[in-house]
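From a predicted model like this one, the values you see are computed outputs, not experimental measurements. Whatever order the structure lists ligands and atoms in, that order sets their numbers, starting from 1.
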Amino acid sequence: MRVILSGGGTGGHIYPALALAEVIKQHDSDVEFLYVGSERGVESSIVPATGMPFKKLTVQGFKRSLSLDNIKTVNLFLKAVKVSKQIIKDFKPDVVVGTGGYVAGAVVYAAQRMHIPTVIHEQNSVAGMTNKFLARGASKIGVAFDVAKSQFPAGKAVLVGNPRAQQVAHIKSDFSWQTLGLRDDKPTLLIFGGSQGAPAINLAVIAAIDQFNERSYQVVIVTGPKRYDNVLNKLKEKNIAAADNVRIVPYIDNMPEVLVQTAAIVSRAGATSIAEITALGIPSILIPSPYVTGDHQTKNAQSLVDAGAAVVISEPELTGQSLMAAADILLLDESVSEKMAAQTTKIGMPDAGDRLYSIILDAIAEKKV
Ligand SMILES: CC(=O)N[C@H]1[C@@H](OP(=O)(O)OP(=O)(O)OC[C@H]2O[C@@H](n3ccc(=O)[nH]c3=O)[C@H](O)[C@@H]2O)O[C@H](CO)[C@@H](O)[C@@H]1O
């Protein structure tokens with residue numbers, strides 16, 4: 001089987017594609033992959049690091065307001081479709097899979113024009129712009145939230161979950177907190193703001209760090225690669241240093257292994273993070289980003305809140321104090337965290353990769369009929 005994968009711009013689109021690749025390889029050891037990503041997106045470093053063949057396109061996003069830049073966006077898109085057609089002609093895929101982001105728009109659209117089977121995966125509860133654009137021509141659509149089904153052409157979308165859930169649920173982790181200078185016999189709270197970090201979460205953490213320093217549990221603060229220096233500078237200005245139980249890092253490369261050893265999470269409500277949290281049954285405090293299309297993070301978080309599986313703090317309510325209070329309950333009150341962990345696990349879909357693989361096989365088979 002030959003598969004082109006495309007998804008980009010942000011970790012939440014890229015990691016599901018890579019997790020799917022792992023699942024397909026388990027079913028079909030002869031599979032050949034090609035990943036097509038954007039040259040400016042983080043996929044251009046994340047994907048080659050896995051050893052997967054990678055080709056770059058130049059694309060950019062649409063501005064929501066009227067802007068001359070959108071003319072450039074359209075021109076780049078048309079060029080990217082042309083390059084994609086050549087890539088597809090050379091690679092001869094059986095299927096092209098898109099996991100969101102502008103780059104996937106060009107690659108999957110090119111495949112559709114060439115009558116190659118295409119499958120798109122929607123991670124969020126509100127369909128993204130790229131997937132809406134591609135939906136009509138897609139052979140199959142896999143969604144991670146049931147509420148997303150109705151946003152696609154009738155009968156086309158299937159609930160599959162997010163393949164990253166399967167990856168983290170089955171990982172054998174020998175990760176030790178000692179690699180960060182911490183201890184393995186203490187519960188650890190992991191704080192991160194999605195794949196890029198979130199300024200609001202970083203600010204609340206800076207306000208709370210004096211108190212985190214005094215806690216019996218450990219705290220790992222992931223600032224986001226581009227926000228690390230800023231956080232360190234702010235702490236310096238305030239003359240605050242992290243104590244022995246607190247670590248501040250820009251990014252975590254081996255998140256699945258780390259998550260397995262994590263007692264509780266503070267995070268945005270990105271769809272892929274939620275898939276991981278629910279697959280592993282980790283109690284969480286979610287702070288949905290208010291800056292995303294259709295407020296989709298609040299809707300992503302809703303299914304967990306409804307089930308008593310997570311606590312939500314809205315961004316306007318987020319302060320050092322509200323963060324500390326919620327963190328203390330999760331880390332210090334076992335009855336709360338155990339209950340939440342049990343509820344969270346119920347929502348998880350640890351077979352999501354297999355389910356997505358299955359609709360990919362259907363898409364290929366239907367083409368052959
Ligand atoms: C601002 C924005 O547009 N966010 C969107 C983006 O978020 P974002 O890229 O932040 O996506 P998610 O929160 O869904 O996923 C983040 C991924 O990055 C990983 N990770 C995170 C931090 C780290 O240090 N190392 C690491 O590997 C997480 O484990 C997870 O796999 O895509 C998601 C999936 O479509 C959407 O739901 C989000 O709304």
Side-chain angles (χ1 to χ4, degrees), residues 7-20 22 41-43 45-47 49-50 61 64 98-102 104 120-132 142-145 148 161-169 171 173 175 180 190-202 220-228 231 247-260 262 265-280 282 284 286-304 310 315 352:
T10 182
H13 293 312
I14 301 160
Y15 292 119
L18 294 175
L20 170 68
E22 238 179 56
V42 276
E43 63 271 23
S45 54
I46 294 176
V47 177
T50 67
R64 283 179 200 277
T99 54
Y102 295 106
I120 55 173
H121 182 257
E122 177 54 65
Q123 296 93 38
N124 289 290
S125 48
V126 178
M129 196 163 122
T130 298
N131 279 346
K132 274 198 205 144
V143 298
F145 289 91
N162 184 320
R164 183 74 166 184
Q166 182 159 339
Q167 187 181 35
V168 298
I171 201 139
S173 171
F175 172 76
L180 291 178
L190 181 66
I191 304 180
F192 64 101
S195 58
Q196 295 161 58
I201 296 180
N202 289 346
V220 174
I221 300 153
V222 189
T223 60
K226 292 189 187 144
R227 311 188 200 277
Y228 182 66
V231 169
R247 287 291 173 275
I248 305 170
V249 298
Y251 193 73
I252 290 182
D253 285 315
N254 54 340
M255 200 55 128
E257 287 84 358
V258 172
L259 288 174
V260 172
T262 296
I265 281 175
V266 172
S267 154
R268 284 294 196 200
T272 300
S273 296
I274 286 185
E276 294 162 357
I277 290 168
T278 54
L280 290 168
I282 307 174
S284 62
L286 302 176
I287 302 141
S289 167
Y291 313 109
V292 296
T293 327
D295 198 20
H296 67 245
Q297 289 205 358
T298 302
K299 290 167 190 146
N300 289 347
Q302 199 54 46
S303 52
L304 277 78
E315 193 168 294

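Tested against Asn300 for a side chain to side chain donor-acceptor pair (under 3.5 Å), the candidates Ser125, Ser273, Ser289 yield a single pass: Ser125.
In terms of heavy-atom proximity, Asn162 sits nearest to Gln123 at ND2-CG, 3.6 Å.
Annotation: side-chain hydrogen bond (donor to acceptor under 3.5 Å, both in side chains) contacts of Glu122 (sequence neighbours excluded): Asn131. Take Glu315 and apply the side-chain hydrogen bond (donor to acceptor under 3.5 Å, both in side chains) test, not counting sequence neighbours, and it matches Arg268, Tyr291. Annotation: ring pair (Phe, Tyr, Trp, His ring centres under 6.0 Å) contacts of Phe175 (sequence neighbours excluded): Trp177.
No side-chain heavy atom of Val220 sits less than 4.5 Å from a side-chain heavy atom of Val258.
Within 4.0 Å of ligand 1, protein heavy atoms come from Thr10, Gly11, Gly12, His13, Tyr15, Gln123, Asn124, Arg164, Phe192, Gly194, Ser195, Val222, Tyr251, Ile252, Met255, Gly270, Ala271, Thr272, Ser273, Glu276, Val292, His296, Gln297, Asn300.
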